[in-house]
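Below is one structure; the comments refer to it alone.
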Amino acid sequence: MQMSGDIAERYLDFATYAEDDSPCFTEWARGVAKDAEIHRWLGDLPELKQQPNLVFAAARWHGAEAPSGYAALKRTLVEHEVEVKATIRERATQTNEVGRLATLLPLFARVAVEAASPLALIEVGASAGLCLYPDRYDYAWPPLGELTGSDGPTLSAQTTGRWEIPTTYPRIAWRGGVDLNPLDVHDEQAMAWLTTLIWPEQDERRNRLVQAIEIARSDPPTLLRGDLFDELPALIHEAAGHGTPVVFHSAVIAYLEAEARESFHDLMMGVVDAGECRWVSNEAAAVLPRMAGGLDVPAGRFVLGLDGRPVALTHGHGHALDWL
């Protein structure tokens with residue numbers, strides 16, 4: 001998804017991204033794209049706060065019915081402008097989509113085998129830390145195979161290409177992360193916001209989120225509040241005392257400015273080359289362009305990387321895994 005540039009282009013890009021998953025958000029995004037009045041409405045917000053996911057969630061938080069037509073969104077934005085903009089400025093899109101673990105778990109398992117040790121997971125942009133529990137879910141990778149035995153919900157990704165499907169779970173010895181605004185899984189308001197971020201028609205994702213919150217509540221992770229550049233080195237050092245550190249992120253680095261994304265790539269390659277950690281990344285192609293290289297990446301697909309090298313294309317919510 002485009003995070004900067006012309007408002008109409010960004011919302012049309014989001015409409016393409018959402019087309020297969022949310023007819024409501026597709027209509028809303030196309031409506032905003034051609035509505036000059038709403039362009040002006042968005043104009044006094046910081047560019048990164050103009051993103052469709054955040055604007056649409058804030059509108060729903062303040063009463064916009066969804067699914068519904070574009071008129072319902074516009075009415076809420078106009079009639080509740082002060083409240084909606086306050087929510088947009090205060091909150092963030094911390095979706096914590098655990099479905100993405102179906103695309104991440106094979107890399108975690110590969111690293112665990114190579115390291116012959118338990119893993120210490122560090123999530124950048126951890127939100128409530130819900131994605132720090134890859135060992136608490138069953139997995140299906142049709143048509144290649146499955147991994148079961150967690151007694152948890154099943155996550156599935158339609159899979160193509162050649163890659164060894166894990167036969168055992170990696171052992172997770174430690175779970176931690178960093179976020180500018182980490183969320184407490186015991187905070188009902190914070191969890192209600194996470195629920196609002198789930199797209200209108202996606203009841204399965206909503207149910208999965210409820211299950212993920214309960215899993216995290218049973219064993220809360222170590223989450224630090226702060227800037228990733230400030231906190232990550234110390235987190236890697238702490239994690240190393242428990243197992244092989246694995247820094248990972250999914251749909252997070254897009255929220256950094258372009259220069260900071262490049263700095264983050266440099267930081268991660270530095271610690272990887274120094275042997276201090278492994279790096280699993282899952283971002284849109286334009287977010288970490290050196291990771292994507294010259295790959296032809298379809299709309300709605302992320303580039304899954306290991307230690308700076310692309311290994312697969314994934315669906316943004318974890319529904320598909322296409323090994324390169």
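Heads up: numbering here begins at 1 and tracks the sequence.
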More than 12 heavy atoms from other groups under 6.0 Å of [atom1] on [X]:
X    : atom1 : value
E204 : CD    : no
D296 : CG    : no
E257 : CD    : no
E83  : CD    : yes
D266 : CG    : yes

Tell me whether the rings of F302 and Y17 are parallel (<30°), tilted (30 to 60°) or perpendicular (>60°). parallel
Please walk me through it: do E65 and T76 pass side-chain contact (heavy atoms from CB on, under 4.5 Å)? CA-CA 9 Å; E65 184 179 349; T76 300; over 6 Å; no
Quick one: do D307 and R309 satisfy side-chain contact (heavy atoms from CB on, under 4.5 Å)? Show the steps, please. CA-CA 6 Å; D307 296 338; R309 177 175 60 88; 5.9 Å; no
Do [X] and [Y] come close enough that some side-chain heavy atom pair is under 4.5 Å?
X    : Y    : result
I215 : V98  : no
V271 : W279 : no
H249 : L288 : yes
I253 : V124 : yes
S218 : R136 : yes
P134 : L121 : yes
V272 : V247 : no
P298 : L313 : yes

Determine whether [X] and [Y] fall in the same hydrophobic cluster, where Ile, Leu, Val, Met, Phe, Trp and Tyr are linked whenever their side-chain heavy atoms lie under 4.5 Å apart.
X    : Y    : value
M269 : F229 : yes
V297 : V287 : yes
V78  : I88  : yes
V252 : L267 : yes

For the residue pair [X] and [Y], what are the closest heavy atoms and their distance?
X    : Y    : answer
P245 : I236 : CG-O, 3.9 Å
A33  : A8   : O-CB, 3.3 Å
A216 : L130 : CB-CD2, 3.6 Å
T87  : H62  : OG1-NE2, 2.6 Å
P143 : T159 : CD-O, 3.3 Å
Y255 : A251 : CE1-O, 3.4 Å

Qualifying residues under side chain to side chain donor-acceptor pair (under 3.5 Å), relative to E188, sequence neighbours excluded: R217
Using a 3.5 Å distance criterion without hydrogens, assess whether the side chain of [X] forms a donor-acceptor pair with backbone atoms of [Y].
X    : Y    : answer
R175 : P220 : no
H319 : R100 : no
R60  : T196 : yes
E201 : C24  : yes
E123 : G129 : no

With rounding to the nearest 0.5 Å, note down the distance linking [atom1] in [X] to [atom2] in [Y].
X    : Y    : atom1 : atom2 : answer
I122 : L132 : CD1   : CG    : 9.5 Å
D138 : L147 : CG    : CG    : 7.0 Å
L105 : I165 : CG    : CD1   : 9.5 Å
L54  : L45  : CG    : CG    : 8.5 Å
I7   : L42  : CD1   : CG    : 5.0 Å
R301 : D322 : CZ    : CG    : 5.5 Å

Verify side chain to side chain donor-acceptor pair (under 3.5 Å) between H315 and D20, making sure each step is shown before the conclusion. CA-CA 11 Å; H315 181 277; D20 294 334; over 6 Å; no
Provide the full list of ring-ring contact (aromatic ring centres under 6.0 Å, His included) pairs with a residue in [range], sequence neighbours left out, each pair given once.
range            : value
residues 101-122 : F108-F248
residues 159-196 : W61-W193, W163-W323, W174-H242
residues 121-145 : Y139-W141

Show the numbers, then the answer: is there a salt bridge (charged side-chain N to carboxylate O under 4.0 Å, His left out) between E262 and R290? CA-CA 9 Å; E262 290 296 309; R290 282 183 281 165; 3.1 Å; yes
Derivation of the side-chain contact (heavy atoms from CB on, under 4.5 Å) call for L295 and L324: CA-CA 10 Å; L295 291 174; L324 298 173; 3.8 Å; yes
Could you point out which residue of Y70, W41, Y11 forms a side chain to side chain donor-acceptor pair (under 3.5 Å) with D35? Y70
If you measure only the distance, is there a donor-acceptor pair under 3.5 Å linking the side chains of [X] and [Y]?
X    : Y    : result
N282 : S250 : yes
E19  : T26  : no
D179 : S127 : no

List the steps and the verdict of side-chain contact (heavy atoms from CB on, under 4.5 Å) for Q202 and F25. CA-CA 11 Å; Q202 297 180 337; F25 276 10; over 6 Å; no
Salt bridge check: are [X] and [Y] linked by an N-O gap of less than 4.0 Å?
X    : Y    : result
R225 : E231 : no
R10  : D13  : no
E283 : R261 : no

Taking side-chain contact (heavy atoms from CB on, under 4.5 Å) as the test, write out the residues that go with T244, two or more places apart. V111, A115, S117, L119, R278
Who passes ring pair (Phe, Tyr, Trp, His ring centres under 6.0 Å) against H80, sequence neighbours left out? none
